[in-house]
Structures are given as C-alpha cells and as structure tokens.
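Just so we're on the same page: letters track the sequence lines, and every chain starts at 1.
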Amino acid sequence: METGTIPTAEVPGPFDLQATLESGQTFLWTRRDGRMYEATVPTGDNAWYRTVIDGAGVALRQSDAGLEWRATTDPTEELRERLGLTDEMATAIAALPDDGLTGMAKAAFPGLRVVNEPFFPTLVSFILSAQMRVERIHALVQTLSERYGTAHRIGEEVVHAFPEPADLAAVSEAELRELGLGYRAPYVTATAEMVAEGVLTANDIRGRDYEDARETTTGYVGVGEKVADCVLLFSLGYPDPVPLDTWIRSAIDEHYPDVRGDDYASTSRALRDRLGPYPGVAQTYVFHYLRHRDAIEAPV
DNA sequence: CTCCAGGGAGCCT
DNA sequence: AGGCTCCATGGA
C-alpha cells in the first residue's frame, strides 16, 4: 500500500471532487459513509471515495493539501485523465458563458469537471439510467459490481470493479430483473454480448465525427440518442454532446424557448450554439446546477 | 392513491 | 421519418 498527494498547486484551476463524482456523470465511485448525493459536504474519513482503476483499488479524498490517494501503485496520471485535471478542461470551464444558467452554475460549482470514465461501465450505467433517479443508478451499478465484478483490496478495505462484458453477458435476464433492473435487463444483456463478442466496440466509435459517432453508438440495445450523448461525453472525450434529458428539456422551456426543435438532433444543435465553445461542459454544469438549485437559492 | 425519474424499443402510419 | 404506447421499480 502506497499513499500520496496530488498537490492543489499541480491541478490547473479550481477542483471539487465531490461535485465531480456526485453529479451523475459517473456511478463507479462510492463514498465511505455511503451518503452520496445528499446536500452535505463529507469531512474526515467520510470523504474517502473508492473505485478500481486498471485492475487496482484506489481510494481518494480531497483536503486542503490536495488530492490524497491510497493504492498499490501511483494512480496520479490515470486520475488526471479520468477526473479532467487537465489544462484543456480548465480552459473549457474558464470559457463558459458568465451569463444565464451557465454563469449561475459556474458560480455555484466552480470546481466541477467533466469525467472521462471507462467505456463499458459508462455504457451500461447510462442504459440503466432510463427513467431512473441518479441515486438509484448508482445503487444498481454498485450492486452489479459487487455481484459480478472482481474484488480488490485497498489495505483493509475492499472495492469491486465493474463486471467485464463477458461476465455481465452471462447473467440471465431473470436474475438481472431480480436485482431491480426492470425492463432494462434485456438491454444490458444484449449490449454486454455485443461488446464481449466485438460486434460493436469503442474502437468502432472513436475517431468518427460527433453526430456520426452518436448514430453509431445507438447501435447498442437500449441506447438511443440521449444515452449515446452521455457515453460520448463522459467516456469518449467528445466535447459537443448536450444530452437532452428531462432536466435539460425543462431548462430549454424555461430559459431557451426558441431552441426547441422538431427532433432530438435539431434541438441539440440549436442548444449547442447557445452554450459556448464547449457545449458538453456547459451542459454538465447546467444539469448539476438545476438539480441543486433549490438548496442553493434557499440555504437551510 | 398518483406522479415522476439523466428514455428506448416496437409498431403503426 | 415521425408519433404513440408500453415498459419495471422505488420514492415523494
């Protein structure tokens, strides 16, 4: 077991670990006190998050000194990639429009980053996300990991990796339904088979222009345009996707009424033109802000 | 009780 | 292509 710290001074721009990990972009981390998505800031040992990176357990928390980690090998470079601790991300955030919703969101959560998480876990996570609350998506992803993923140690603690495609594909639909996946169970099975058998993989998507990549991604079962946008934004590093979920659609009605188009593609294009040079970053900020707006405007 | 959640597939015109 | 209906489950 090694420990280390990424000093705050070595992270470009402001960074907020809690906002980044608890904003519904990734469901692959768990907090030690098990109380994610609540309107409170964890302190001390409660602030440790854990996940598996490249087959090794990693624990991480933010303190005044920076990002403290515990792992068997130094995860600093992987963390920079996965958590957006890059100059490019800092530049994109600084370029967010200061007016309107993005301005409010940036003021409220200046350290929020867009993540870049592994492809298959992100794909399955957002297949599960259909008609499901953020807290429950996280619970189901963790259940799948505990049941079908490999266990790894971080000292005395245990953390489970998200299942490999073949291992998830081997689980019966009935069993997945028992876990609470509902009608999404056959989607997960079919998509896991496609990835495991190489029918459609991340390499078939990378490198394509954004809208082409989105159409290709909808080739998975249970993946429509919205889920495809989430996968491209939170896993494959595309800067343009603006996933049109219920929150963003209501924000369009409230703040950008002229943006609403006939279909997903045209609405998406029109909204992108309003959100500045990094639409995906802006959308991520707006989504997180909308979900916490009440608590911000009426603090207890 | 009803309504809603980071929607999508299947079917119909 | 575009519109409609149904789909599981849990929390408010």
> For B:dC3, what is the paired nucleotide under Watson-Crick or G-U wobble rules, both distances under 3.5 Å?
Replying inline: C:dG11
> Considering every strand shown, what is the Watson-Crick or G-U wobble mate of B:dC12 when both distances are under 3.5 Å?
Replying inline: C:dG2
Separation of atom [atom1] in [X] from atom [atom2] in [N], rounded to whole Å:
{"X": "A:Arg136", "N": "C:dG11", "atom1": "CZ", "atom2": "C1'", "result": "9 Å"}
{"X": "A:Asp294", "N": "C:dA12", "atom1": "CG", "atom2": "P", "result": "15 Å"}
{"X": "A:Glu135", "N": "C:dG11", "atom1": "CD", "atom2": "C1'", "result": "10 Å"}
{"X": "A:Gln131", "N": "C:dC6", "atom1": "CD", "atom2": "C1'", "result": "11 Å"}
{"X": "A:Leu140", "N": "C:dA8", "atom1": "CG", "atom2": "P", "result": "15 Å"}
{"X": "A:Gln25", "N": "B:dG6", "atom1": "CD", "atom2": "P", "result": "14 Å"}
{"X": "A:Tyr37", "N": "C:dG11", "atom1": "OH", "atom2": "C1'", "result": "16 Å"}
{"X": "A:Tyr183", "N": "B:dA5", "atom1": "OH", "atom2": "C1'", "result": "9 Å"}

Classify the ring geometry between [X] and [Y] as parallel (under 30°), tilted (30 to 60°) or perpendicular (over 60°).
{"X": "A:Tyr238", "Y": "A:Tyr210", "result": "tilted"}
{"X": "A:Phe119", "Y": "A:Tyr220", "result": "tilted"}
{"X": "A:Phe27", "Y": "A:His138", "result": "tilted"}

If you measure from the [atom1] atom in [N] to the same atom in [M], how many Å do you get, rounded?
{"N": "B:dA5", "M": "C:dG3", "atom1": "C1'", "value": "22 Å"}
{"N": "C:dC7", "M": "B:dC4", "atom1": "C1'", "value": "15 Å"}
{"N": "B:dT2", "M": "C:dC6", "atom1": "P", "value": "16 Å"}
{"N": "C:dG10", "M": "B:dC1", "atom1": "P", "value": "15 Å"}
{"N": "C:dA8", "M": "B:dC3", "atom1": "C1'", "value": "15 Å"}

>> I'd like to know if the side chain of A:Asp253 pairs up with that of A:Ser250 as donor and acceptor (distance under 3.5 Å, no hydrogens or angles considered).
In response: no
Scan [X] against the nucleic acid and name what it touches under 4.0 Å (heavy atoms): base, sugar-phosphate only, or nothing.
{"X": "A:Gly222", "answer": "sugar-phosphate"}
{"X": "A:Ser23", "answer": "base"}
{"X": "A:Glu225", "answer": "sugar-phosphate"}

> Salt bridge between A:Arg177 and A:Glu173, side-chain N to carboxylate O under 4.0 Å?
Replying inline: yes
>> Stacking between A:Phe287 and B:dG6, defined as ring centres under 5.5 angstrom apart with planes under 30°, is that present or not?
In response: yes
> Reckon A:Arg184 has a side-chain N or O less than 4.0 Å from the OP1 or OP2 of B:dG8?
Replying inline: no
>> Counting only side-chain heavy atoms from C-beta out, which of B:dG6, B:dA9, C:dA8 sits nearest to A:Phe234?
In response: B:dG6
> Toward the 5' end of DNA chain B, which comes first, A:Ile137 or A:Val223, by nearest nucleotide?
Replying inline: A:Ile137
>> Can you tell me if A:Glu211 has over 12 outside heavy atoms packed within less than 6.0 Å of its CD?
In response: yes
> Does any donor-acceptor pair link the side chain of A:Tyr220 with the base of B:dG8 at a separation under 3.5 Å?
Replying inline: no
